[in-house]
Novice: 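There's a structure below that I have some questions on.
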There are 2 protein chains.
Amino acid sequence: MSNGGGGGGASSSTHLLDLLEEPIPGVGTYDDFHTIDWVREKCKDRERHRKINSKKKESAWEFTKSLYDAWSGWLVVTLTGLASGALAGVIDIAADWMNDLKEGVCLSAMWFNHEQCCWGSNETTFAERDKCPQWKTWAELILGQAEGPGSYIMNYFMFTFWALSFAFLAVSLVKVFAPYACGSGIPEIKTILSGFIIRGYLGKWTLMIKTITLVLAVASGLSLGKEGPLVHVACCCGNIFSYLFPKYSKNEAKKREVLSAASAAGVSVAFGAPIGGVLFSLEEVSYYFPLKTLWRSFFAALVAAFVLRSINPFGNSRLVLFYVEYHTPWYLFELFPFILLGVFGGLWGAFFIRANIAWCRRRKSTRFGKYPVLEVITVAAITAIVAFPNPYTRQNTSELIKELFTDCGPLESSQLCQYRSQMNGSQAYPQGSDAAATPGVYSAMWQLSLALIFKIIMTIFTFGLKVPSGLFIPSMAIGAIAGRIVGIAVEQLAYYHHDWFLFREWCEVGADCITPGLYAMVGAAACLGGVTRMTVSLVVIVFELTGGLEYIVPLMAAVMTSKWVGDAFGREGIYEAHIRLNGYPFLDAKEEFTHTTLAREVMRPRRSDPPLAVLTQDDMTLSELQAIISETSYNGFPVIVSKESQRLVGFALRRDITIAIENARRKQEGIMLNSRVYFTQHAPTLPADSPRPLKLRSILDMSPFTVTDHTPMEIVVDIFRKLGLRQCLVTHNGIVLGIITKKNILEHLEELKQHVEPLIDDI
Amino acid sequence: MSNGGGGGGASSSTHLLDLLEEPIPGVGTYDDFHTIDWVREKCKDRERHRKINSKKKESAWEFTKSLYDAWSGWLVVTLTGLASGALAGVIDIAADWMNDLKEGVCLSAMWFNHEQCCWGSNETTFAERDKCPQWKTWAELILGQAEGPGSYIMNYFMFTFWALSFAFLAVSLVKVFAPYACGSGIPEIKTILSGFIIRGYLGKWTLMIKTITLVLAVASGLSLGKEGPLVHVACCCGNIFSYLFPKYSKNEAKKREVLSAASAAGVSVAFGAPIGGVLFSLEEVSYYFPLKTLWRSFFAALVAAFVLRSINPFGNSRLVLFYVEYHTPWYLFELFPFILLGVFGGLWGAFFIRANIAWCRRRKSTRFGKYPVLEVITVAAITAIVAFPNPYTRQNTSELIKELFTDCGPLESSQLCQYRSQMNGSQAYPQGSDAAATPGVYSAMWQLSLALIFKIIMTIFTFGLKVPSGLFIPSMAIGAIAGRIVGIAVEQLAYYHHDWFLFREWCEVGADCITPGLYAMVGAAACLGGVTRMTVSLVVIVFELTGGLEYIVPLMAAVMTSKWVGDAFGREGIYEAHIRLNGYPFLDAKEEFTHTTLAREVMRPRRSDPPLAVLTQDDMTLSELQAIISETSYNGFPVIVSKESQRLVGFALRRDITIAIENARRKQEGIMLNSRVYFTQHAPTLPADSPRPLKLRSILDMSPFTVTDHTPMEIVVDIFRKLGLRQCLVTHNGIVLGIITKKNILEHLEELKQHVEPLIDDI
């Protein structure tokens with residue numbers, strides 16, 4: 001049996017012929033930082049599946065095993081969903097508590113956060129639900145006084161102190177225990193899903209440390225979110241559970257199906273959007289997404305959402321803090337500010353990507369990157385010191401987004417909602433109509449503008465720090481602030497100029513025609529779209545937050561504008577940019593190849609290179625073979641009929657050859673340096689005194705992918721993407737000329753990008 | 001320029017070399033009932049795109065053209081969405097009016113349907129909103145009396161008369177003007193999207209006749225729905241609008257992107273579910289679905305939904321008649337009846353597919369199929385005669401579904417909601433609690449059971465008639481009836497046995513714990529799932545009908561069960577079964593290939609066949625070439641170096657060769673029967689007296705796809721599916737052995753299905 005050893009082609013063809021040969025252990029596995037061969041993996045899986053099916057009728061035990069095997073896909077996604085939901089709940093609760101710890105502590109029960117502490121209190125009135133005797137700020141606790149400059153400084157100090165402690169702890173844990181736990185993880189997950197192997201990236205240590213440090217990083221007040229890292233956490237769960245099922249643990253391609261489902265579950269709990277999560281997995285992260293995976297991803301996303309809902313971390317039976325419902329419709333003229341917000345989002349996205357990548361490149365290339373702990377502490381200190389005086393930056397970013405999304409209502413005590421009542425001129429809620437803003441609103445606008453600048457600057461320096469850091473929440477916050485400012489401006493414009501032709505038709509005096517919260521939501525979607533260049537999944541995620549089909553059109557208008565504006569400055573989203581920065585071999589399925597090069601221009605060897613290293617099928621000795629292997633560093637070699645004819649027989653991988661030779665030396669006697677090596681079915685006729693020959697047919701891939709030298713690269717790139725190839729041989733009239741690997745293609749794309757102005761693709 | 005003529009490979013390689021040669025008109029197009037070559041089409045599109053881009057800077061006009069080209073994708077989906085929404089609205093309104101025409105007529109305004117007629121009346125009380133003096137039944141109009149056996153018979157007669165007239169008109173129009181307008185169209189659209197060409201199937205005649213006859217067919221009361229045909233109508237719109245844009249009209253692959261978006265728009269208006277529509281297009285009909293198409297499909301679906309909403313055909317500002325909101329949660333023990341409904345759905349699906357296919361095969365193979373008009377009239381007569389006495393079959397099926405989905409409330413006057421009030425024992429609405437059913441409910445149950453049997457039998461004979469007929473609504477109706485019956489049974493069980501351990505925990509006395517409407521919805525989803533084997537898209541469609549995340553779990557449980565039960569009896573859905581019945585060349589992307597055959601076992605020629613017909617690159621005369629073409633019927637020929645070496649050079653299509661020869665005869669002088677034909681770059685050296693040679697390099701595809709003879713068929717099938725190939729050459733050590741076409745693969749699959757027991761795939 002040559003299970004998988006001979007690549008896609010050999011497995012079944014040699015099935016019958018080599019029954020006497022045992023599979024060579026190790027053949028068909030991968031080294032770290034190598035790319036998997038999707039075709040080979042899928043063939044391996046079908047072979048395994050056939051074996052189980054053929055044994056099924058032998059005994060009840062085998063039948064049970066086959067049933068277990070058939071169900072294991074559902075089991076593993078269920079477990080992944082359960083674990084992701086539970087971890088998301090734990091992270092939400094813990095981060096909330098630690099975030100409030102920066103301000104004070106609950107005396108009646110240490111483990112309560114501010115809100116829980118005061119909900120339990122009977123002495124709390126609804127209007128002042130934030131204040132209760134059980135909750136003590138640090139100034140009250142240490143100095144015994146709640147007001148005055150002394151207590152302000154005390155609170156300021158404790159706020160900064162806790163922020164720095166959390167940040168220090170987070171970065172130290174990451175540095176010491178799991179370096180892979182830093183960042184958002186999405187670029188790496190995209191790369192892994194496309195077929196790259198990074199051992200330990202989704203392991204149990206990464207999971208544990210990422211969960212803990214994510215809580216710390218969020219609580220430290222840094223300008224980062226937990227949404228991206230939650231996807232990484234969910235993928236770790238998926239990877240770990242897949243080890244329970246040999247079907248998934250032993251097959252890299254099948255494992256990636258579980259990871260696709262896990263990333264859907266991650267987004268599902270991050271935003272409370274199961275359908276959005278599935279579309280995110282489909283649009284943004286996954287590479288190979290068969291329909292069965294779609295169905296399982298949906299299931300995983302639902303399970304995770306239900307677990308999170310039963311944990312109920314926010315006490316509102318919603319999955320996210322910033323769930324919101326609007327009651328007024330939008331009007332056609334509002335599309336103009338919405339599209340403006342889209343332009344802003346696109347500009348912000350393009351600016352952020354450039355600035356952040358420039359900064360990260362600097363970190364990578366200079367000595368400065370050697371001190372990650374110092375960097376984190378510096379950024380955390382600046383963030384805490386600047387953030388404290390401004391209420392909009394002091395509070396948790398999710399809470400800020402919630403406040404900005406929420407429309408003003410009778411229960412809102414926020415400064416943003418201090419409108420002048422029309423009845424008596426007092427400061428009150430406008431009771432379902434637009435109203436004049438009070439100085440409270442104007443000062444809130446100032447504070448929001450400062451918060452916007454602060455967030456923009458800090459986010460650039462924060463994303464890429466050696467702590468878990470997501471980008472969704474800061475981007476959304478920036479968009480929400482900008483959107484709310486625009487919304488209030490439009491609202492006041494409509495109030496004071498309600499006889500303009502634009503407003504006359506829609507905004508009657510006393511009617512509530514502008515919803516500033518909706519502007520905040522549109523702005524948030526636009527900014528997130530500008531940074532990530534997501535489209536459908538983003539709209540669906542935000543749609544699931546509002547639950548109204550009504551607002552899809554504004555969202556789409558803004559997100560589409562944002563993508564187009566962003567694309568005009570560079571087509572890469574932040575994740576692709578980071579993938580390229582880190583040099584991962586990722587062949588983007590989204591970008592179309594628009595050049596006219598041919599396969600012969602990309603293949604190796606180039607004209608100036610030494611000739612292609614090939615093996616002949618039956619006239620090489622072991623020492624010649626070893627010489628070729630030691631002299632070159634290629635991952636595989638074409639096997640040809642003979643040096644004279646150069647016709648292609650198959651392909652053999654370097655790793656497989658080395659393993660097979662070692663194995664033969666150990667197990668077979670009489671293998672010497674001048675042993676003949678042959679890949680044919682029958683041993684070649686040899687002189688009588690020659691040593692025992694070595695048969696390597698079982699590791700020969702007899703169905704290598706080939707293209708002719710005239711094939712346009714656009715077709716080659718398409719084949720690589722769709723079939724997930726590692727390499728492809730180039731022939732001319734049946735003769736081997738060269739080889740193209742995934743790396744060659746990426747290098748070629750990089751060259752073209754630098755030399756040729758890329759064609760503008762259609763929109 | 002050899003634009004597209006030489007297949008994928010030749011276009012750019014010969015670009016510079018053959019500048020003097022003009023493109024041969026007709027090369028690169030397809031015959032009717034042929035399969036397109038996706039790779040070639042995509043190459044053609046990129047070539048066109050490059051040309052536009054390179055000209056862009058030449059003048060303002062060219063720049064405008066390039067902008068128009070870049071935007072045309074959005075334009076065409078917008079137009080498609082607008083047209084689909086508008087047509088759906090027109091169809092809804094017209095079908096509603098004609099359906100009511102069977103019962104009576106509005107005297108004040110002929111063009112009002114029953115509901116509109118009575119809404120306008122002041123004399124209508126809310127409780128009897130169906131009755132008003134303006135609306136006259138036929139008995140009232142003709143006999144002058146509203147009650148009594150005479151008027152009943154009169155109404156019965158008129159009902160049958162109108163039903164027969166509508167059915168006769170529908171089938172005659174289809175037969176005379178557009179035979180392609182019959183059926184649901186989804187099997188054909190799936191086939192077309194997979195790359196098959198059926199000219200006229202999506203043309204303007206089909207659109208016009210299908211729209212008109214769909215209204216007639218629905219109004220005739222036959223057991224069919226308008227949802228499937230609406231997808232066909234939307235695709236016709238997409239196809240017609242794509243002719244406005246050369247980018248889409250001249251490229252079969254690009255046109256299919258528009259059709260994918262159109263089918264999403266079709267489902268969007270059929271069910272008022274834009275996201276569900278996109279997922280339907282992705283899961284069920286589309287073959288090649290790049291992300292750009294996802295985004296555009298979403299847009300088309302939204303536009304269509306908004307147009308339909310502004311037309312507001314049902315007067316409830318909803319997109320569908322049976323939109324519903326539930327207010328009570330479901331309990332865990334209810335999963336058991338939900339799964340039972342899933343089993344019922346799966347059994348119904350399997351039974352329906354077998355019975356319907358058997359009946360359709362009979363129609364195809366016997367003389368019986370020669371009389372479509374007679375058949376339609378017979379079925380319509382039986383349907384009308386049997387349906388009239390039972391109120392649940394007499395009414396419109398959509399209205400029936402609405403009634404079954406809706407929970408009993410204070411405004412419901414239906415017989416299904418006659419519960420005994422707990423306060424005073426009178427027959428009244430149960431006021432938010434389970435209650436004992438009255439005899440009214442029991443008689444409704446009897447009528448529903450009869451309606452169930454009737455629908456089951458009639459649907460089998462109706463689907464496949466020569467009128468437009470969708471399957472969604474009848475399937476949903478069957479499921480909804482079964483679900484409602486189960487729901488009422490569980491409700492009464494819970495009411496009378498509220499101390500059982502199952503009910504004790506959840507159903508307090510006087511609480512409303514069972515929602516029979518939800519059971520109807522779950523049953524509808526299960527039956528639809530059993531018939532079509534859709535999963536995610538179905539759940540999302542129904543989710544969009546209810547708008548509550550809450551009910552996704554029951555829906556998923558039922559739909560999954562239904563799919564598994566159905567798959568146990570045969571893995572094909574009704575659409576795949578009809579595709580196979582009609583013999584379309586459709587390679588299902590969902591079904592996994594699980595056999596172990598190799599490419600050499602499938603390729604042609606087989607061992608007993610004559611040898612492969614090949615062309616040599618430079619030593620054939622025109623007469624030899626013509627002899628090969630006239631003696632064989634293959635669609636293409638491999639070109640080899642020479643008869644001796646048999647090494648592969650390229651591939652030439654029969655159609656292209658014939659066109660090129662004719663073209664040469666017309667335009668080039670000196671081409672004679674003994675002219676040498678060559679495919680090489682330079683003309684071969686010829687004796688001095690030989691006639692002028694004919695160069696055919698421009699039609700040579702120099703990058704044909706090849707696989708080795710040892711390649712497992714699972715890989716070959718994968719390549720065909722993912723790259724959309726027409727044919728693939730089989731080589732051994734660089735020498736051409738044979739060819740595999742899509743047809744060969746389908747034949748092979750068919751053979752395997754008959755001879756080998758298929759392996760049970762994982763669930």
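Every chain is numbered from 1 and lettered A, B, ... according to where its sequence line falls, protein lines coming before strand lines. All values reported here derive from a predicted model rather than from experimental measurement.
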Novice: Ring-plane angle category for B:Trp295 and B:Phe298, please: parallel below 30°, perpendicular beyond 60°, tilted otherwise.
Specialist: parallel
Novice: As an exercise: rank A:Leu279, A:Leu282, A:Ile719, A:Val707 by heavy-atom pairs under 4.5 Å with chain B and give me the winner.
Specialist: A:Ile719
Novice: So, A:Gln617 side chain and A:Ile640 main chain: donor-acceptor pair closer than 3.5 Å or not?
Specialist: no
Novice: Using the test side chain to side chain contact (heavy atoms under 4.5 Å, CB included), find all partners of B:Leu737 that sit at least two apart in sequence or belong to another chain.
Specialist: B:Met603, B:Asp709, B:His732
Novice: Pick whichever of B:Thr535, B:Val303, B:Val278 has the most heavy-atom pairs under 4.5 Å with chain A.
Specialist: B:Thr535
Novice: Can you tell me which portion of A:Phe705 sits under 4.5 Å from chain B's heavy atoms? Options are side chain, backbone, both or neither.
Specialist: side chain
Novice: Could you tell me which portion of A:Thr706 (side chain, backbone, both or neither) has an atom closer than 4.5 angstrom to a non-hydrogen atom of chain B?
Specialist: both
Novice: Taking side chain as everything from C-beta outward and backbone as N, CA, C, O, which of these in A:Val536 sits under 4.5 Å from a heavy atom of chain B? Side chain, backbone, both or neither.
Specialist: both
Novice: Any side-chain heavy atom of A:Lys254 sitting closer than 4.5 Å to one from A:Glu41?
Specialist: no
Novice: Which residues pass the side chain to side chain contact (heavy atoms under 4.5 Å, CB included) test with A:Pro638, not counting sequence neighbours?
Specialist: A:Leu612, A:Val614, A:Leu648, A:Phe651, A:Leu729, A:Val736
Novice: Quick check on the interface: out of A:Thr708, A:Val539, A:Ile52, who has the most heavy-atom pairs with chain B under 4.5 Å?
Specialist: A:Thr708
